Amino acid sequence: MTIDVAELLRARHGENFALHDQHLNSELAGVLKTIGFDRFYVRGEGSYLFDAEGDRYLDFLSGFGVYALGRSHAAIKAALHQAIDLDLPNMVQMDCALLPGLLAEELVARCGGDINRVFFCNSGAEAIESAIKFSRQATGRPRILFAEHAFHGLSTGALSLNGGAEFREGFGALLPGTCAVPFGSISALRRELQKGDVAAFIVEPIQGKGVYMAPAEYWREAQELCRKHKTLLVLDEVQTGLGRTGKFFCFEHWGLTPDIITVSKALSGGYIPLGAMLTSDRVFSSVYSSLEKALKHSTTFGRNQLAMVAGLATLAAFDDEDIVERARRTGLAFEAALAPLVERYEMFHEVRGKGLMIGLQFGPPQSKALRRRFKALERLRPAIFSQMMVVPLFHRHRILTQVAADNVNIIKLLPPLICGQEEIDYFVGALDDVLQDAHSGSGLLLEFGRTMARGTLRRTGKARPGAPYVPPSANGNGNGSRNGSPSRPPWVRAGGGPPRT
Ligand SMILES: Cc1ncc(COP(=O)(O)O)c(C=O)c1O
């Protein structure tokens, strides 16, 4: 018997949160209910999500950067449908299939330097685990340097390179030989590299947890120092890669030639988990050094042909739609549109980032009265201000965003790279509205408190959708057009009437 997916979704519609409460991460369900983010999404298209009520949400989180091409991209869907119908001889394992070769060829062609080898895996963390192993094997050295505030994933090796105590605590001793250096400090890097026992410096070109950046000189010197001390420079492009910052790889901004590159997220097209570690012959062959060692590093699903098709279709769509250049231009337009708000609002300190990886930094205002209010707020909970922005952006304006990390007043925006001026204008208008309330003291805190109180009540009750599940082809709640060119502006509710709060 085949399962009827649409019927399953219809029959069990609304049980989402109860099931998560019961069998999955009930704390996540609790958080989402508390802040009122407990929606019943039924569809994604382009830059938007749709819930059961037909409300449309502008998705500026894009699955933590997975949906560079937007959701439900027609060309990727078509390629995957075709691949399934071709009954590909998938994961034969004792085989060298064509598709992994083709995707590897496409990837290395975009890398430059002497990078010509690829190890395929299933996630960003797994690509980092691979980078740790290959660096140690290639150099015969034990130590790995990482940057403070770094995030490279949450498997044990990757966690050993994590700059946040909140992630590391409680799991016992992590990987020995890992050592944090302040991000952007050449002297600290030099001090550690001089010891001569460092296999690799693993670092994000722009740090995801906070959108922290280092100047071009830092990168040039860091690369030079690594070369001098025979340490491999590993650039983690899992989030910054594939056009996110307005170049295919972020390191292109500074003309770097890393020894290892890690990618994942957007390469999947949003469908099949896919990660890759890209490196040179020299590093690669240190692990695969003889016929006996041909499977010394491997993973069952690593060259999964559906993932390869998703990757190939993604790269083809990037070329067809000129995504990287589009992201660069849209990023500049976004920065220009946000700049007047930084001028206008004392608590909005800075916009930073590159392309469409954008950090909005909030902080204490100059004027005394406002400062008192800000400090009183922060006494309630550190970095509550950014939460107070994210919650009404969602409830009033139906925009999905996220605070960049624990205890920082930074919102990180990762819009789909296909978004355009319409989405920028809508977001800027919404942020303007929320910031205005925060500065005028006209009830934003009250509204925030009410949302949390309602959410806390809902935590004990059953969250239910207000409408039945209707499969996309019939519900007509979408914009019908493909990938980020909506026929209706995002603030107009599909069924008419005001946005639900
Ligand atoms: C820079 C970076 N590296 C690695 C990872 C881990 O990727 P994954 O969640 O696929 O394991 C992430 C995830 O956000 C990331 O941002």
Side-chain angles (χ1 to χ4, degrees), residues 25 28 60-68 119-135 144-164 166-168 171 174-175 178 180 183 200-214 233-245 247-251 256 258 260-278 299 301-302 304 307 310-311 314 353-359 401-406 408 410 412-415 417:
N25 183 347
L28 175 63
F60 270 13
L61 199 53
S62 62
F64 295 148
V66 166
Y67 289 98
F119 174 78
F120 284 118
C121 52
N122 309 282
S123 68
E126 225 185 311
I128 291 292
E129 298 292 338
S130 308
I132 294 171
K133 286 178 68 180
F134 278 75
S135 308
I144 308 278
L145 301 183
F146 65 97
E148 288 173 4
H149 303 292
F151 188 92
H152 299 287
L154 297 176
S155 53
T156 310
L159 186 61
S160 310
L161 311 179
N162 192 298
E166 70 279 14
F167 286 110
R168 300 171 67 107
F171 298 109
L174 297 177
L175 208 60
T178 55
F183 183 57
F201 176 35
I202 301 186
V203 61
E204 299 152 89
I206 297 177
Q207 292 192 306
K209 294 277 172 213
V211 193
Y212 298 119
M213 306 196 8
L233 177 63
V234 179
L235 292 180
D236 181 353
E237 295 265 8
V238 165
Q239 188 161 137
T240 51
L242 279 88
R244 171 60 56 193
T245 70
K247 298 269 190 195
F248 188 80
F249 288 117
C250 185
F251 65 73
L256 304 176
I260 297 180
I261 305 164
T262 52
V263 291
S264 185
K265 292 191 188 279
L267 188 60
S268 68
Y271 282 97
I272 320 282
L274 174 55
M277 184 204 69
L278 315 166
T299 173
F301 291 100
N304 169 11
T314 296
K354 273 192 182 296
L356 287 170
M357 182 167 179
I358 300 167
T401 58
Q402 187 202 22
V403 175
D406 277 3
V408 292
I410 304 163
K412 181 167 71 174
L413 305 179
L414 290 176
L417 306 186

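Here the structure is a predicted model, which is why all the values come from computation and not from measurement. In each ligand, atom 1 is the first atom listed, and ligand 1 is the first ligand listed. Just the heavy atoms: all of them, side chains too, but no hydrogens, waters or symmetry mates, feed the values below.
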Any Glu237 heavy atom less than 4.0 Å to ligand 1: no

Using a 4.0 Å cut-off to any heavy atom of [X], which atoms of ligand 1 qualify?
{"X": "Asp236", "answer": "1 (C), 2 (C), 3 (N), 4 (C)"}
{"X": "Ser123", "answer": "10 (O), 11 (O)"}
{"X": "Glu204", "answer": "1 (C)"}
{"X": "Gly153", "answer": "4 (C), 5 (C), 6 (C)"}

Centroid-centroid distance, Tyr212 to His149, less than 6.0 Å: yes

May I ask you to check whether [X] has an N/O atom sitting below 3.5 Å from an N/O atom of ligand 1?
{"X": "Gly124", "value": "yes"}
{"X": "Gln239", "value": "yes"}
{"X": "Ala125", "value": "yes"}

Side chain, backbone, both or neither: the part of Lys265 lying under 4.0 Å from ligand 1 by heavy atom: side chain

Contact partition for Phe64 relative to ligand 1, non-hydrogen atoms under 4.0 Å: neither

Test item: Thr299 side-chain N/O and Gly302 main-chain N/O as donor-acceptor pair under 3.5 Å: no

Value rounded to 0.5 Å, distance of NZ in Lys265 from CZ in Arg244: 9.5 Å

Least distance between heavy atoms, Ser160 atom then Leu174 atom: OG-CB, 3.3 Å

Enclosure of Phe167 CZ (heavy-atom neighbours >12, cutoff 6.0 Å): yes

